[in-house]
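A quick note: this is a predicted structure, and the numbers were derived from the prediction, not measured. Atoms within a ligand are numbered from 1 in the order they appear, just like the ligands themselves.
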Amino acid sequence: MRVPFLDLKAQYAAIKSEIRRAMDEVCADQQFVLGPRVRRLEEEIARYCGAPHAVGVSSGTDALLLALMALGIGAGDEVITTPYTFIATAGSIARSGARPVFVDIDPTRFTIDPKPIADRITERTRAILPVHLFGRCAEMEPIRALAAQHQLAVIEDAAQAIGAEDEFGRRAGCIGLLGCFSFYPTKNLGGFGDGGMVITNDPSLASTLVALRNHGASTRYLHSLLGGNFRLDELQAAILSVKLTRLDQWTKQRINNAERYDALFRSRGLEHHIRLPEIPKNERHVFNQYVIRAPRRDELSHFLESRGIGHDIYYPVPLHLQACFKYLGYKEGDMPVSEQAAKEALALPIYPELTPPMAEYVVDAFQAFYDR
Ligand SMILES: *Cc1c(COP(=O)(O)O)cnc(C)c1O
């Protein structure tokens, strides 16, 4: 057997005719950028996430940069975030001109640890940017309280977490001031290329975002703000609207797969060798990734490869140790929890179309590895 890490062809096969019809409509209309399908998708995503405003943009990275720009964050400012995430999170902060300030993660959730944040707040701090990593919400209540106390904005990187809910049933992206999503093909709601969305409760921020994504134009050829080309196109929007109708079903399948892995690993006593991800009961973890922690991770990775089992490592080098952030002055040992996670984390196939025999084959391989 072979178990791919992700199987987008299987997903496409199940919805092909609907997708092709939606694409054909765009081809017939020949309106490709920021048209009626983008507006419809914005309404659908706003409703899905429980936010009044949604602004379609060109990628998750651009969603983050645009959110920072809309708040006027730039040179001289600091933004607090996690070092255990995709480069886009801190990269966007740095590209805005602001300085990323890293705070280590919670070892169980893999998301920013709220407790040390207070010590990192200075008079230059403008925002806190938590990431809902792997599909589980960061611990938002203490972050919101700190932000309110210090008058900071909270920007959520919800790129991996569309539809995730915290313990109060609030959906990822609308817990803070601005929420950023990615429609990159490997996300839970993925397009046929790049795309993203920013959501917010704030109507004036929403209109700033709308202007900034199209060169800061409030009226055509009148530019009160300096923006850029952050536009979403109609083909992506048309495809994403079709896929959004399946998202809850796919999410349920992801959660089922996580529960299946959990039961299988435990039935073989493997939870003593590896740390399994928590499956929270009173939150909705949407499992963009199912990430275990394993000692001897790289050896395990080779073994899985030899058995034809797709897997990936998120993230092998935390951001505070990346060459592009050398100027920030961090060194090894500064973020011990993130550094440990970088050495131990291993993501297993969790996509909706993964079958029970495939999950069993994966767990069999773990047993063989640890019984050797
Ligand atoms: C994917 C991702 C992004 C960037 O999204 P793109 O659409 O690829 O630009 C940002 N942050 C996180 C946590 C992501 O996983």
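In terms of protein heavy-atom proximity, atom 7 (O) of ligand 1 is closest to Ser182 OG, 2.6 Å. Nearest to atom 9 (O) of ligand 1 among the protein's heavy atoms is Thr61 OG1, 2.4 Å. What sits closest to atom 11 (N) of ligand 1 on the protein, heavy atoms only, is Asp157 OD2, 2.7 Å. Scanning the protein heavy atoms around atom 14 (C) of ligand 1, the nearest turns out to be Lys187 NZ, 2.9 Å.
Distances below 4.0 Å separate heavy atoms of Val131 from the following atoms of ligand 1: 13 (C). With ligand atoms numbered from 1 in the order given, ligand 1 contributes 11 (N) to contacts under 4.0 Å with heavy atoms of Thr89. Each of the atoms 13 (C) of ligand 1 lies under 4.0 Å from some heavy atom of Thr85. Applying the 4.0 Å criterion to heavy atoms of Gln160 picks out, from ligand 1, the atoms 13 (C), 14 (C), 15 (O).
For the 3.5 Å distance criterion, the side chains of His285 and Glu278 fail to qualify, holding no donor opposite an acceptor.
With rounding to the nearest 0.5 angstrom, the CZ atom of Arg95 is 7.5 Å from the OG1 atom of Thr61. Between the NE2 atom of His311 and the NE2 atom of His302 there is a distance of 8.0 Å, given to the nearest 0.5 Å.
With Arg126 as reference, Ile73 is the one residue of Leu152, Ile93, Leu68, Ile73 to meet the side chain to side chain contact (heavy atoms under 4.5 Å, CB included) rule.
Judged by the 6.0 Å and 45° rule, Arg307 forms no cation-pi pair with Phe369.
For Phe192 and Tyr12, the distance between ring centers is under 6.0 angstrom. Checked against the 6.0 Å centroid threshold, Phe325 and Tyr330 do not count as a close aromatic pair.
Between Gly60 and ligand 1, a contact under 3.5 Å exists for at least one N or O pair.
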